[in-house]
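Written below as structure tokens is the structure these notes are about.
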Number of protein chains: 2
Amino acid sequence: MAKLTEIARQAGVSVSVVSRVLNGDPTVRAREETRQRVLQVAKELNYTANYAGRALRLARSKALALITPNVSSPLFADLLAGATQAAEEADYTVLIGLADTITAGSDTLRRLVGEGRVDGFVLQRHDDLSDQALESLVANDARVVLVTSRTPGRRGSVVLDDVTGAKLATEHLIALGHKRIALIGGVPHSDIARRREHGYALALHEAGLRRRESLVCRLGYTPEAAERAIESLLGTGARPTGVVVANVNGAIGALTALRRAGVDVPSEISVVAYHDEWVAEHTWPALTTVKMPYYQVGLQAVRSLIDQLGGKPAQDLVVREPKPELVLRSSTAPPKTA
Amino acid sequence: MAKLTEIARQAGVSVSVVSRVLNGDPTVRAREETRQRVLQVAKELNYTANYAGRALRLARSKALALITPNVSSPLFADLLAGATQAAEEADYTVLIGLADTITAGSDTLRRLVGEGRVDGFVLQRHDDLSDQALESLVANDARVVLVTSRTPGRRGSVVLDDVTGAKLATEHLIALGHKRIALIGGVPHSDIARRREHGYALALHEAGLRRRESLVCRLGYTPEAAERAIESLLGTGARPTGVVVANVNGAIGALTALRRAGVDVPSEISVVAYHDEWVAEHTWPALTTVKMPYYQVGLQAVRSLIDQLGGKPAQDLVVREPKPELVLRSSTAPPKTA
DNA sequence: GGGCTGGGAGCAATCGTTTTTTCAGGGAAG
DNA sequence: CTTCCCTGAAAAAACGATTGCTCCCAGCCC
């Protein structure tokens, strides 16, 4: 690879001039002619700045890590795409870290920033990771932006408009005429789960429907949890006619459990899922979902993190645009008139 | 962050001694006592080597990039897990790059290695990426290991035992008594698709069954492609009673198309998918699949890449262990006796 | 003609590691 | 009493890019 010295030699100037010209330093004092020559030689030699040299000098890696509990979700793909876009705009590189290798005692995150490999984190925490556990993972002065979840304190965050999204899903069932609507939500201590439950409750309240505690399950977002939730809901005396599942993977599990129990969807029970992904189109029946703007979350999170690195205070943002969108498929229908 | 000089000062020795002690340099000459003191101070100060300084000096980043067309697949998650494991063993870091941002003219990959951000690539190419296009993406002297696919020439590769896997899937249908077995395969020019088709053909041949060209579709691995394939298969005079779909996502699309056409699975047509993932358990009917050892591919690929970085020649490997495994679910059954 | 200004460009320090080279002192061999 | 070698450790030279300074020179005013 061509180095600065090489370009300087061929252009007949000193390295400092080359560096300044290439970085567009406004304080450079060089004739236009010289500037062009430098640019020309750099292009000919196909120059790319050595990353280590720059990072060493600037004490900045211009890289950030996106930490997630699971990469294998189309939702994460969206988030990643947004993050990558924002990073590119600011000439940053995105590393991806898997949170399941980052257990409580792990110092992976500390090392990442300690070694200067990354300047900061965008962190999507697992539902089970408490605020304290989170703090124990990252160095005190590390720059962090949490996505989809919040944490009290000085870390930044970018979350979805969970209230509106969950409300939209619930309102869809209400509009169809459902009165007994269950919620299969996240684990109780999660702030995400609380917001979604709030949206659900809000929709019921505004429609003048009673919210029954027996219709709310809080077992988590996995298909297995949703299967157990369905079993429990079917066991109760007054079955729901509609179910809001606060996660699309859970909804897939719910469909499986309902099928196994011989309950037809949507004629006996309607199911609407929070989050949209391609597989929702291929379930049986195809899932009606609420699509949330994950791309935007990734985009904002990285922008916010870069702002933070630039010295601005951490922010807590809510992504409201584009708005949550109902994707109508075949898993919802009016309830059978009793 | 503590630096070498700081440790040296506190331990009362020079930086060079600290560096060598910390790196376990066998040629270091220091009294055991001195060595212990250095180690002690380093631990107290919680020292982590600055990555940029080291990379600059060694002209090695100790990082490698895993490039993939889509992260959002459980299969990729397996691959990643294996790759991460192998990387960790050798003290390397894994970056993930998205291939869809890497179009033909893109210099992303060149820059990655040109800037010295990574030492080499593990590359999972999109089915449509030809050998030439691939070569145009990476610098000539870049170290590359291709996964699941091969390329002629000096790049390394690690592939699945596609022949055995596809053969296993086909043999399962044969064992159930099927005689008219279709294949929904990959695009024609792909080496992966060719191997899988070969496995399919081999199974038929060994069972003394005729291979009919009309029963082989080569449209690719997407759900949409498989839907079209099903439509075309159903339109032919002599319908198959069993279908091998060379990719699980395709199989999901196939189930959708069959359902739409009113064809019952498995009573009218059996479907077996290549690759296993969690959602296969939640389709209707649940998909019988062949599970392939992706984790091992990731593991071997990174090991092979690191070997290559160490100066060993590139290798072409086939992962045969653990063996392809048939996961029996509900999408396959004996054919209706005509 | 001396001092000042401002344009044009180079010097050299610096970032944190690694690694080669050098050096001082002491003990053993001749 | 030299001469050598060995031990233990320090000094110094990279690696490549950035940036505050310095230096030089021409022109201009007084």
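Chain identifiers are assigned alphabetically (A, B, ...) following the order of the sequence lines, protein sequences preceding nucleic acid strands; residue numbering begins at 1 within each chain. Since the structure is predicted, the reported quantities are computational estimates derived from the model, not experimental observations.
- One can place CZ of B:Arg35 at 12 Å from P of D:dA9, the figure rounded to the nearest angstrom.
- Within 4.0 Å (heavy atoms only), A:Ala49 reaches sugar-phosphate atoms of the nucleic acid but no base atom.
- The existence of a salt bridge linking B:Glu115 and B:Arg117 is confirmed by a sub-4.0 Å separation between a basic side-chain nitrogen and an acidic carboxylate oxygen.
- Atom CG in B:Leu22 sits roughly 13 Å away from atom P in C:dT19 (whole-Å rounding).
- Straight-line distance from the CG atom of B:Leu56 to the C1' atom of D:dA17: 9 Å, rounded to whole Å.
- Remark: P of D:dG8 and CD of B:Glu32 are 11 Å apart, rounded to the nearest angstrom.
- For the pair A:Tyr47 OH and D:dA17 C1', the computed distance is 6 Å after rounding to whole Å.
- Of the candidates D:dA11, D:dG8, C:dC15, D:dA11 carries the atom nearest the B:Ser16 side chain, counting heavy atoms from C-beta on.
- For B:Ser19, whose side chain is taken as the heavy atoms from C-beta onward, the closest listed nucleotide among C:dT19, D:dG8, C:dA9 is C:dT19.
- Judged by closest nucleotide on DNA chain D, B:Arg37 is the one of B:Arg37 and B:Leu58 placed further toward the 5' end.
- The distance between atom CZ of A:Arg60 and atom C1' of C:dT14, rounded to the nearest whole Å, is 18 Å.
- None of B:Gln124, B:Arg125, B:His126 except one satisfies the side chain to side chain donor-acceptor pair (under 3.5 Å) rule with B:Thr68; the exception is B:Gln124.
- Ion pairing of A:Lys3 with A:Glu6 is absent here, as no side-chain N (NZ or NE/NH1/NH2) approaches a carboxylate O to less than 4.0 Å.
- One finds a salt bridge joining B:Arg303 and B:Glu89 here, because a Lys/Arg side-chain nitrogen approaches an Asp/Glu carboxylate oxygen to under 4.0 Å.
- Closest contact between the side chain of B:Val17 and the listed nucleotides D:dA9, D:dT19, C:dG10 involves D:dA9.
- As judged by a 4.0 angstrom heavy-atom cut-off over every strand, B:Thr34 is placed among residues touching the sugar-phosphate backbone only.
- One can place CD of A:Glu33 at 12 Å from C1' of C:dG8, the figure rounded to the nearest angstrom.
- When heavy atoms are screened at a 4.0 angstrom cut-off, A:Arg20 is found touching base atoms of the nucleic acid.
- Look at CG on A:Asn23: it is 17 Å from P on D:dG16, rounded to the nearest Å.
- Of the residues listed (A:Asp191, A:Asp162, A:Asp316), the one engaging A:Arg150 in a salt bridge (Lys or Arg N to Asp or Glu O under 4.0 Å) is A:Asp316, and it is the only one.
- As judged by a 4.0 angstrom heavy-atom cut-off over every strand, A:Ala30 is placed among residues touching the sugar-phosphate backbone only.
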